[in-house]
Participant: 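Following this message is one structure expressed as structure tokens.
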Amino acid sequence: MRYSPLVNAAEQLTAKVKTLKILAEAGVIRPMRPSRLVRAAETLLRWGPTPAGAYRVSAVRRASKPAVIDERGTLTFAEVQRRTNALANALGERGIAPGDSVALMCRNHRGIVEATIALSKLGAHALYLNTMFAAPQVTAVCEREQPKAIIYDSDLAEVVADAAQGRKRFVAWVEEGDRPEDPSLEQLIADGDPTEPAPPPVKSRVIILTSGTTGTPKGAKRSQPKSLQPAAAMFSRIPMRAEQRILVAAPLFHTWGLGNFQLGMALGSALILRRRFDPEGTLAAIQEHRAEVLIVVPVMLQRILELPDEVLDRYDTRSLKIIASSGSALPGPLATRVMDRFGDILYNLYGSTEVSWATIATPKDLRDAPGTAGKPPFGTVVRLYDEEGREVPQGKSGRIFVGNDLLFEGYTSGAGKDVIDGLMATGDIGHFDSEGRLFIDGRDDEMIVSGGENVFPREVEDLLSHHDDIEEVAVIGVDDEEFGQRLRAFVVRREGATLDEDEVKAYVKRNLASFKVPRDVIFLEELPRNATGKVLKRVLRDYEAAGARKSDD
């Protein structure tokens with residue numbers, strides 16, 4: 001059972017009115033000619049708020065406006081509608097049927113967008129694969145999830161080769177000079193019937209893989225939204241507006257990137273996509289396409305700010321109205337630096353693959369309380385419980401549980417997350433301040449007991465992130481003969497810094513209790529991260545201290 005904050009008819013009516021008001025302010029609902037209104041209404045009745053329905057409505061309302069902008073040019077909504085009709089029919093002729101699963105291993109470009117829409121038109125399910133996976137991971141996921149087909153970029157052909165054995169194969173993006181044996185999506189589109197297919201008997205769903213930062217990625221099942229209320233919840237905290245140009249730098253295979261693809265559908269926005277993230281290239285794309293919204297993960301912001309001032313000053317980014325970040329922790333100092341450079345337009349979303357979103361921090365939140373995860377948006381409930389399932393008071397740390405309209409349906413293995421009072425666990429520990437802002441203390445499985453004291457690595461990470469000589473840091477728990485467990489810090493120094501291990505320890509000791517001082521400090525050139533910027537702590541746990549480069553080695 002899922003938690004619903006709407007307990008009676010009056011509250012349900014109030015929520016619907018508020019949803020309509022937010023959607024109207026965002027421009028999702030606006031006056032239009034009666035003929036267009038009728039066609040749009042008919043489309044939503046037939047298809048619902050799915051990718052198929054959303055792009056069909058935009059093809060009616062804004063046919064000649066840009067829908068997708070990538071390295072190969074611009075596609076209008078009318079073109080996307082025609083091309084995805086042809087692609088859906090071509091895939092159907094090649095055996096993809098309602099209820100089938102299709103794996104997508106694609107970077108950010110028109111191919112992953114059009115494949116997602118076409119699968120929606122077929123009623124087939126989209127399984128998004130991480131483009132940073134190695135071949136054994138892809139094979140393992142496909143053996144577990146059993147997709148009927150794989151759609152991949154040609155430069156990833158070797159990675160998917162083993163997993164693709166015995167499955168239908170299609171190429172989403174062909175690199176210059178490649179000559180793949182499998183048919184490309186462009187070939188299917190050219191040969192396909194552009195007539196709109198009939199709505200399928202089942203609605204498609206998406207399967208997103210968890211980050212796998214502490215173990216093997218799991219498949220999380222998620223149905224398409226049943227209404228536009230989830231979109232209204234986001235717009236209540238992040239003021240995105242219809243037909244804005246959205247540069248999605250975050251990977252589309254991840255919950256954050258995919259979520260903004262879905263928001264862009266509702267808004268009729270142009271999606272600006274680049275296959276690979278490049279800090280200066282992102283600034284150039286903002287300037288060239290006059291992007292108004294930038295969707296990133298925190299490490300992308302860090303990489304942008306690492307550019308020399310003369311490079312940052314070279315590009316006109318004044319078109320930006322919103323920078324929205326999620327996918328991993330946003331350190332307070334980084335948030336401040338971003339706003340000092342680009343203005344108070346930074347928003348930070350905290351959530352997980354399983355619960356979608358939990359809280360959103362506005363620029364004011366990030367100025368007033370750097371490091372906060374923000375407050376729950378409209379229609380979302382966040383509560384903190386102790387180990388016995390009792391709600392904890394304000395200011396005390398507890399396990400974070402969330403209720404909203406987009407909780408996942410469970411893992412494809414059949415397992416699920418802990419649920420209390422209909423709210424689902426995120427796997428994190430946090431606390432609320434006196435203003436109702438959430439702060440994340442750490443993962444509930446990362447807490448260590450050192451000399452009888454509970455210690456969260458996140459607290460030490462947050463402290464060290466404020467050090468002028470530290471670019472980035474990760475802290476993990478390690479075994480200790482004397483204290484049971486102690487902390488180990490992995491530090492990346494800022495360019496030119498000479499910080500050593502003793503200085504790091506002294507800094508922590510001056511600011512925190514002695515049992516929170518790391519046992520040792522290992523200096524790295526960079527931290528191991530996944531595609532969304534999350535630090536891979538399972539990799540750090542396997543790191544041999546004896547082989548690491550310390551302070552001045």
Side-chain angles (χ1 to χ4, degrees), residues 18-30 44 47-58 61-62 65-69 77 80 108 112-113 116-117 120 126 128 205-206 208 222-273 291-297 320-327 345-353 355-362 374 376-380 404-406 532:
K18 185 171 183 178
T19 295
L20 291 173
K21 181 176 183 294
I22 293 170
L23 293 177
E25 291 173 348
V28 176
I29 300 173
R30 61 172 58 171
L44 286 176
W47 294 96
T50 62
Y55 275 86
R56 179 70 181 88
V57 169
S58 285
R61 297 178 62 181
R62 45 182 75 89
K65 294 188 176 181
V68 180
I69 303 170
F77 282 102
V80 169
N108 284 18
I112 189 171
V113 171
T116 298
I117 299 167
S120 176
Y128 296 97
R205 67 168 182 259
V206 298
I208 302 173
R222 189 181 298 285
S223 294
Q224 301 289 354
K226 295 180 175 61
S227 72
L228 289 174
Q229 185 166 318
M234 290 289 287
F235 302 150
S236 71
R237 295 285 284 172
I238 304 178
M240 299 170 72
R241 295 295 179 258
E243 300 184 8
Q244 285 179 321
R245 295 192 170 204
I246 304 175
L247 198 169
V248 184
L252 287 172
F253 61 71
H254 181 260
T255 304
W256 179 230
L258 183 65
N260 280 281
F261 163 57
Q262 294 170 329
L263 291 175
M265 293 187 318
L267 293 165
S269 294
L271 298 180
I272 304 167
L273 305 174
E292 297 163 275
V293 180
L294 174 63
I295 305 300
V296 291
V297 297
L320 280 180
K321 297 179 173 63
I322 294 169
I323 299 174
S325 174
S326 187
I345 59 172
L346 179 63
Y347 297 79
N348 183 47
L349 181 143
Y350 162 70
S352 71
T353 300
V355 306
S356 193
W357 64 74
T359 57
I360 300 173
T362 65
F378 162 61
T380 299
N404 60 36
D405 286 339
L406 285 183
T532 61

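Heads up: numbering here begins at 1 and tracks the sequence. Computed from a prediction, not measured in an experiment: that's the story for all the values here.
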Participant: Mind checking the CD-OG1 spacing from Q262 to T50? Nearest 0.5 Å is all I need.
Facilitator: 10.5 Å

Participant: To check you understand the geometry: which heavy-atom pair defines the closest contact between L346 and S325, and what is its length?
Facilitator: CD1-CB, 4.4 Å

Participant: Which of these, M240, R245, E243, sits in a side chain to side chain contact (heavy atoms under 4.5 Å, CB included) with E292?
Facilitator: R245

Participant: Calculate, to the nearest 0.5 Å, the distance between atoms CD and CG belonging to Q229 and L20 respectively.
Facilitator: 10.0 Å

Participant: Indicate yes or no: at least one non-hydrogen side-chain atom of T19 is less than 4.5 angstrom from one of F378.
Facilitator: yes

Participant: Any idea which heavy atoms bring A67 and V80 closest together, and the distance?
Facilitator: CB-CG2, 3.9 Å

Participant: Please check if the side chain of N108 supplies one atom and the backbone of V248 the other of a donor-acceptor pair under 3.5 Å.
Facilitator: yes

Participant: Could you give the distance from CD1 (I112) to CD1 (I117), rounded to the nearest 0.5 Å?
Facilitator: 11.0 Å

Participant: Can any side-chain N or O of S120 pair as donor or acceptor with the backbone N or O of T116 at less than 3.5 Å?
Facilitator: no

Participant: Using the side chain to side chain contact (heavy atoms under 4.5 Å, CB included) criterion, which residues pair with P239? Sequence neighbours excluded.
Facilitator: R241, I322, Y347

Participant: Testing I208, V355, L349 one by one against T255 for a side chain to side chain contact (heavy atoms under 4.5 Å, CB included), which residue passes?
Facilitator: I208

Participant: With heavy-atom distances below 4.5 Å as the criterion, would you say the side chains of H254 and V297 are in contact?
Facilitator: no

Participant: Could I get the full list of side-chain hydrogen bond (donor to acceptor under 3.5 Å, both in side chains) partners for S236, not counting sequence neighbours?
Facilitator: none

Participant: Could you tell me if the side chain of L273 sits less than 4.5 Å from the side chain of L252, heavy atoms only?
Facilitator: yes

Participant: If you measure from CG on L258 to OH on Y128, what distance do you get to the nearest 0.5 Å?
Facilitator: 5.0 Å

Participant: For P230 versus D405, what's the shortest heavy-atom pair and its separation?
Facilitator: CG-CB, 4.0 Å

Participant: Search all heavy atoms of A291 against all heavy atoms of L247 and return the closest pair with its distance.
Facilitator: CB-CB, 4.1 Å

Participant: With sequence neighbours excluded, tell me which residues meet ring-ring contact (aromatic ring centres under 6.0 Å, His included) with F77.
Facilitator: Y55

Participant: Of all heavy-atom pairs between W256 and A250, which one has the smallest distance, and what is that distance?
Facilitator: CD1-CB, 3.7 Å

Participant: Could you tell me if the side chain of F261 sits less than 4.5 Å from the side chain of I246, heavy atoms only?
Facilitator: no

Participant: What pair of heavy atoms forms the shortest contact from S269 to Q244, and how long is it?
Facilitator: CB-O, 2.9 Å

Participant: How long is the straight-line distance from CG of N348 back to CD1 of I323, given to the nearest 0.5 Å?
Facilitator: 12.0 Å

